[in-house]
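Structure, as structure tokens:
Each chain gets a letter, A, B and so on, in the order its sequence line appears, and its residues count up from 1. Note that the structure is predicted; figures quoted are calculated from it, not measured.
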Amino acid sequence: MRIVVCVKRVYDPKTIRVSRSREELDLREAVKITNPADRYALEAALRLREVAGGEVIAVTVDEPAAEDTAHEAVAIGADRAVLITGPELAAASGATITRLIAAAVERLAPVDLVLTGQMGLTDGTGSLAPRLAAALDWPVTLDAVRLEPADGELVAQTRTVSANLASRRLPLPAVVAVAACPARPRYPHPARIANAWEPGLVEIWSVSDPAAGAGQGLGLEPAALAADTEPAGLILGPERVRGQVIGGTLEEAAATVVGLLKARRVI
Amino acid sequence: MEMDLSYLEALMGGAAAEAAGATGGVWVVSAEGAVDDGILRLVGKARVVADALGSYVYLLQSGSLQLAGSADADQAQAAIHAGADNVLLASGVPTLADLTEFFRQRAPQAILFPRIPLGRVLGPGLAQTLGGGLCGYAADVTVDPIYLRIVAHQPILEDAARQAVSLVATPAVVVVDTAALPAAFNEPWRSGNIEETGLVWAAPPVYPTAELPAAPLTLANADVVVAAGRGLKDAAGFALAERLAAALGGVVAGDLAALDAGWITDEQLVGLTGQSVAPKLYLALGIRGDTGHLMAIEGARTVIAVQPDPSAAIVPVADYNVLADPKEFAGALLAALK
């Protein structure tokens, strides 16, 4: 079974500050980390490989600095990794990134399964898996917590709204978004960390450069890279005010607190 | 000779000429089950958006629905009272290919999906097949008054802020968390059309389900932490904290005083020598707040502190303070929660 795992970097939310005066995110000290949700997807892929054999390939679409993330995926256990990069990516939309990954999946054929994380940690919307399924015309399932191969098909246990498990049989090839699940992502073995930087384990493909060498460019037209969305500012809620005192009798105060809990959707 | 519309299009943000035969409109897709409150809220939001665009609201309602049944006719009527101009009924659950074909013929301006499993799959898929702009997770939808574009408000950083995303490409596809929307309209004077499309899509798939063993609530994953401190005085006071935690669906914790009293175990200790917590709500009962404790609750979204002393260290740190005897207040809060 050949499994492609989509990994990406996100800003570590602990390092992002929100600037109220400028009404924007202050990213000067922000650090990018591998999306934790994608590590669950990688873990699911490695467990599948342990059962069914085959190959796990990590794919990431990002600037050249993301090569570390590709090496990290190899260190954790992927057989190899592909970094798709290029200056055109600066304004790339979700649709474009989807098409790039779909093109990479076609080039890596025959791929049986594409795994993604459920959602980007900082600003994710969880739209990559359904987008990829649409682009590849493959079946898709979200919220998977456990994957098992079953004679040429895949049995995905997914979390339902009522917090039950639904067991779903998917014909392969398929796209699956993996939710945070009991299978905790493993840490890389030190020896694998050392070996992950050996040449040949991470391939770097160019987005559109036809001169990138045989089989190295994905050949996407510049017109396909136009942005379909643009940021329109940051909306900040009311500033947190500490030290407020709730007055009144005990019953009045309790009623006020219940109102606060309802407004915050705690109850 | 054809009129040069380029200047007008620049002025109108490219919306001057609408495709021939297109109905445009703001669509809400309810493809799974009944018209529930979430769908009605979404229809209300679509109404507001359509009014700003000068457009109509369409609700595509499918599922195991037959108009003959009076309950379903009532549902369609409820959607019209909530703001829909047209309710289109189909049977079965559409696949992505079905929906793509459906919307190719109708050239919508915007398509809104509720953030349910089916909407999360169909919304992004539709944006990919139709080449539209997408916001896969929005808490609100507005309209840019200059360019007449849909603007989705996407929660980021666990809803600490919202990123406004202007959807340039049409159709604008937005997957909306309906729980975050204001209450649905119910305006009986509204009228609209109910149309049977005659479309029959595949029956909804049924998957075998199994009970998921519930993950045990811990200090790390609980949304609500009720912390007990010296001010609760005795075991009966601590029992109130436990009952409050159960009533709020959270876990009980405590400070060093609670540990010393034997009410809690090491694992439940919040503080410098215990654990740091980051729940949505931290309710501190009878805790004055030493430095280590206050450091450990820095990540909490809302802190409510109940203790009688206005000069206690926790007062300026907590979002809300109730300056009262924590035992009495816990009893009053339990009564108010019932």
Which region of [X], side chain (C-beta onward) or backbone (N, CA, C, O), has a non-hydrogen atom less than 4.5 Å from a non-hydrogen atom of chain A, or is it both or neither?
X        : answer
B:Val303 : both
B:Ile304 : side chain
B:Arg115 : side chain
B:Ala324 : side chain

Answer with side chain, backbone, both or neither: which region of [X] has an atom nearer than 4.5 Å to a non-hydrogen atom of chain B?
X        : value
A:Leu234 : both
A:Leu260 : side chain
A:Ala253 : both
A:Leu25  : side chain
A:Val241 : backbone
A:Arg240 : side chain

Based on non-hydrogen pairs under 4.5 Å, which of [options] is most in contact with chain A?
options                                : answer
B:Ala161, B:Gly125, B:Ser166, B:Ala336 : B:Ser166
B:Leu283, B:Ile156, B:Val168           : B:Val168
B:Ile314, B:Leu96, B:Val224, B:Thr302  : B:Thr302
B:Ala172, B:Ala330, B:Ala180, B:Ala152 : B:Ala180
B:Ala179, B:Ala305, B:Ala160           : B:Ala179

Counting only heavy atoms not in [X], do more than 12 fall under 6.0 Å of its [atom1]?
X        : atom1 : value
A:Glu153 : CD    : yes
A:Arg168 : CZ    : yes
A:Arg17  : CZ    : no

Practice problem: Check the pair A:Asp143, B:Arg120 against side chain to side chain contact (heavy atoms under 4.5 Å, CB included), reporting the backbone distance first and the verdict last. | Solution: CA-CA 11 Å; A:Asp143 307 306; B:Arg120 282 164 52 207; 3.1 Å; yes

Minimum heavy-atom distance [X]-[Y], with the two atoms named:
X        : Y        : result
A:Leu142 : B:Pro117 : CD1-O, 4.5 Å
A:Pro13  : B:Leu157 : CB-CD2, 3.8 Å
B:Pro124 : A:Arg131 : O-CG, 3.6 Å

Exam field: side chain [X] to backbone [Y], donor-acceptor pair closer than 3.5 Å:
X        : Y        : result
B:Asn321 : A:Gln244 : yes
B:Gln154 : A:Asp123 : yes
A:Glu230 : B:Leu167 : no
A:Arg242 : B:Val317 : yes

Distance from [X] atom [atom1] to [Y] atom [atom2], nearest 0.5 Å?
X        : Y        : atom1 : atom2 : answer
A:Leu250 : B:Asp325 : CG    : CG    : 8.0 Å
A:Asp137 : B:Gln128 : CG    : CD    : 12.0 Å
A:Ile235 : B:Gln163 : CD1   : CD    : 8.0 Å
B:Leu337 : A:Lys262 : CG    : NZ    : 8.5 Å

Exercise. Before giving the answer on side chain to side chain contact (heavy atoms under 4.5 Å, CB included), spell out for A:Leu261 and B:Leu248 the whole-Å C-alpha distance, their side-chain angles and the decisive distance to 0.1 Å.
Key: CA-CA 9 Å; A:Leu261 300 186; B:Leu248 294 168; 3.6 Å; yes

Practice problem: Would you mind telling me which of A:Val18, A:Val258, A:Thr229 has the largest number of heavy-atom pairs within less than 4.5 Å of chain B? | Solution: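 Highest number of heavy-atom pairs under 4.5 Å: A:Thr229.
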
Quiz item: Hey, which of A:Thr122, A:Leu236, A:Thr249 has the most heavy atom pairs under 4.5 Å with chain B?
Solution: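 Of the options given, most contacts go to A:Thr122.
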
Quiz item: How would you list, in number order, the residues of residues 130-139 of chain B that have a heavy atom less than 4.5 Å from chain A?
Solution: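 When heavy atoms of chain A are the reference, residues 130-139 of chain B contributes B:Gly132, B:Gly133, B:Leu134, B:Gly136, B:Tyr137 within the under-4.5 Å range.
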
Practice problem: Report yes if the side chains of A:Val266 and B:Asp223 come closer than 4.5 Å at any heavy-atom pair, otherwise no. | Solution: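 Answer no - side chains too far apart.
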
Quiz item: Does a side-chain heavy-atom distance below 4.5 Å link B:Tyr320 with A:Val245?
Solution: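 Answer no - side chains too far apart.
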
